[in-house]
Amino acid sequence: MPIAVATWNINSVRLRLQLVLDYLQRARPDVLCLQETKCLDDQFPRSAFKEIGYAHQAIRGDKGYNGVAILSRLPLGEPSCLPFGRKGDARHIASEVRSEAGVAVTVHNFYVPAGGDIADPELNVKFAHKLGFLKDMREWSAQQAGIGGLAVITGDLNIAPYESDVWSHKQLLDVVSHTPVETEALEDIRCCGDWTDAVRHRIPEPERVYTWWSYRAVDWRASNRGRRLDHIWVSSPLAGSIGEVTIETAARGLERPSDHVPVLLSLTL
DNA sequence: ATGGTGGTCCTACCA
């Protein structure tokens, strides 16, 4: 039995609840990781997801910003959170998903800080915060490699690591999300933990892959100035289980869309 | 062209 894991930065789960319900009904992933839910836990629309089969939920929100959630059709274990970046920020939640065959996979849902506009930690505290978060992730990732379990890292990592992850490598080298200090940090996190980038495994470079298009474009489809900010990585014991990958580009063209689209990976367990 | 749009929640802050 395969397990399908999806990720989507929804930019307010309350405003876009119907879009999420429609996506779940159509794609039927076993697990959906949401970022930027932008609400406190008691405001989270738990029952709406429960009604369509996503009864297992691990949620962690802040008032009006950040916020992560794992929605699952399969049983979830006790959730945990890593205290990276500013302590208390709702930017990570993890839980163990159990397949019908009894295989347990730990799903880590991350929302890495965007980092502001200026790519200099001396001039921009948000960029310093992002680099600090990545440093914490690196240390944790190196420890994870030694554990050797079945695990997935997913979410909005707010970094487009490769040249074909952005519309113009040269024009974005100074732009936060694609600067060398960030792309090298992300690659280091991935390598030191022996994670496989499942999307790039299925869709190798130089094919362009984007998961985010700015709201500020006059016509996002025509200009197509996208970036691949949302990722799904698998631990080395799962590298041989990477199945189909689906980037739900059409979601960017929905009415009142998120600026990110869903990314889905099927694991052939 | 140094703008542009969108969400939250009350005046800016975040992306």
Side-chain angles (χ1 to χ4, degrees), chain A residues 7-21 23 33-45 48 59-69 84-93 109-121 123-134 137 154-161 165-168 170-179 182-183 186 210-231 248-263:
Chain A
T7 181
W8 196 4
N9 177 322
I10 195 58
N11 187 18
S12 174
V13 70
R14 289 177 295 172
L15 191 69
R16 278 180 256 286
L17 175 60
Q18 196 55 52
L19 266 56
V20 184
L21 293 172
Y23 173 69
C33 294
L34 295 171
Q35 305 86 35
E36 284 205 90
T37 53
K38 293 190 171 178
C39 64
L40 291 167
D41 293 352
D42 60 7
Q43 302 172 311
F44 192 93
I59 64 175
R60 185 172 168 223
D62 287 323
K63 185 178 180 175
Y65 64 108
N66 299 335
V68 285
F84 298 166
R86 262 192 308 267
K87 281 199 186 86
D89 269 8
R91 293 185 176 274
H92 169 269
I93 192 163
N109 179 14
F110 281 99
Y111 174 48
V112 172
D117 290 328
I118 303 162
D120 183 341
L123 301 174
N124 173 11
V125 291
K126 291 181 196 169
F127 197 69
H129 176 224
K130 183 177 197 175
L131 296 183
F133 194 100
L134 295 170
M137 270 184 91
T154 188
D156 177 3
L157 305 185
N158 263 316
I159 296 171
D165 292 337
V166 291
W167 63 275
S168 169
K170 280 187 182 170
Q171 284 180 257
L172 288 172
L173 273 171
D174 295 327
V175 174
V176 171
S177 75
H178 194 62
T179 65
E182 294 168 87
T183 59
L186 194 68
Y210 309 142
T211 66
W212 174 89
W213 292 260
S214 172
Y215 282 127
R216 295 174 189 175
V218 176
D219 184 338
W220 72 275
R221 205 190 304 265
S223 56
N224 197 25
R225 294 185 169 189
R227 303 178 205 170
R228 187 172 72 105
L229 303 179
D230 304 276
H231 300 269
E248 201 73 24
T249 307
R252 186 63 179 81
L254 297 170
E255 201 171 327
R256 287 253 254 173
S258 168
D259 44 355
H260 296 252
V261 300
V263 180

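Throughout, a chain's letter reflects where its sequence line sits, starting with A, and its residues are numbered from 1. Computed from heavy atoms alone, side chains included, the values below leave out hydrogens, waters and symmetry copies.
Between the R252(A) side chain and the W213(A) main chain, a donor and an acceptor come within less than 3.5 Å of each other. A donor-acceptor distance shorter than 3.5 angstrom exists from the side chain of N109(A) to the backbone of L34(A), with no hydrogens or angles considered. Side-chain N or O atoms of T7(A) include none that pairs as donor or acceptor with a backbone N or O of V263(A) at under 3.5 Å. Not one N or O on the side chain of D259(A) forms a donor-acceptor pair closer than 3.5 Å with the backbone of W212(A). Of the possible donor and acceptor atoms, none in the side chain of Y111(A) sits under 3.5 Å from a partner among the backbone N and O of N9(A). For H260(A) (side chain) and D156(A) (main-chain N/O), no donor-acceptor pair under 3.5 Å exists by modelled atom type.
dG6(B) sits 22 Å from dC10(B) when the P atoms are compared, rounded to a whole Å. With both ends at atom C1', the span from dG4(B) to dA15(B) equals 14 Å, rounded to whole Å. Look at the P atom in both dC13(B) and dC9(B): the space between them is 16 Å, to the nearest Å. Across the P atoms, dG3(B) and dG7(B) are found 22 Å apart, a figure rounded to whole Å.
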What does the B/S/- profile of nucleotides 3-8 of chain B look like, 5' to 3', with a 4.0 Å heavy-atom cutoff to protein? -BBSSS
Reading DNA chain B 5' to 3', what string of ( ), [ ], | and . shows its pairs, if Watson-Crick and G-U wobble pairs count only when both distances fall under 3.5 Å? ....((((...))))
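Per the geometry, CG belonging to N124(A) stands 13 Å off C1' belonging to dC14(B), to the nearest Å. Taking atom CD on Q171(A) and atom P on dA1(B), their separation rounds to 15 Å, with Å as the unit. Between the CG atom of D117(A) and the P atom of dC14(B) there is a distance of 11 Å, rounded to whole Å. Atom CD1 of I118(A) and atom P of dC14(B) are 13 Å apart (whole Å). What separates CG of N158(A) from P of dC14(B) is a distance of 14 Å, to the nearest Å.
In terms of position on DNA chain B, the residue among Q43(A) and D259(A) whose nearest nucleotide sits closer to the 5' end is Q43(A).
Relative to the ring axis of W167(A), R225(A) places its NZ or CZ within 45° and under 6.0 Å from the centre.
Atom CG of L17(A) and atom CD1 of I10(A) lie 9.0 Å apart (nearest 0.5 Å).
Under the salt bridge (charged side-chain N to carboxylate O under 4.0 Å, His left out) criterion, R91(A) pairs with D89(A), not counting sequence neighbours.
Distances shown here put every side-chain N or O of R91(A) at or beyond 4.0 Å from the OP1 or OP2 atom of dC14(B).
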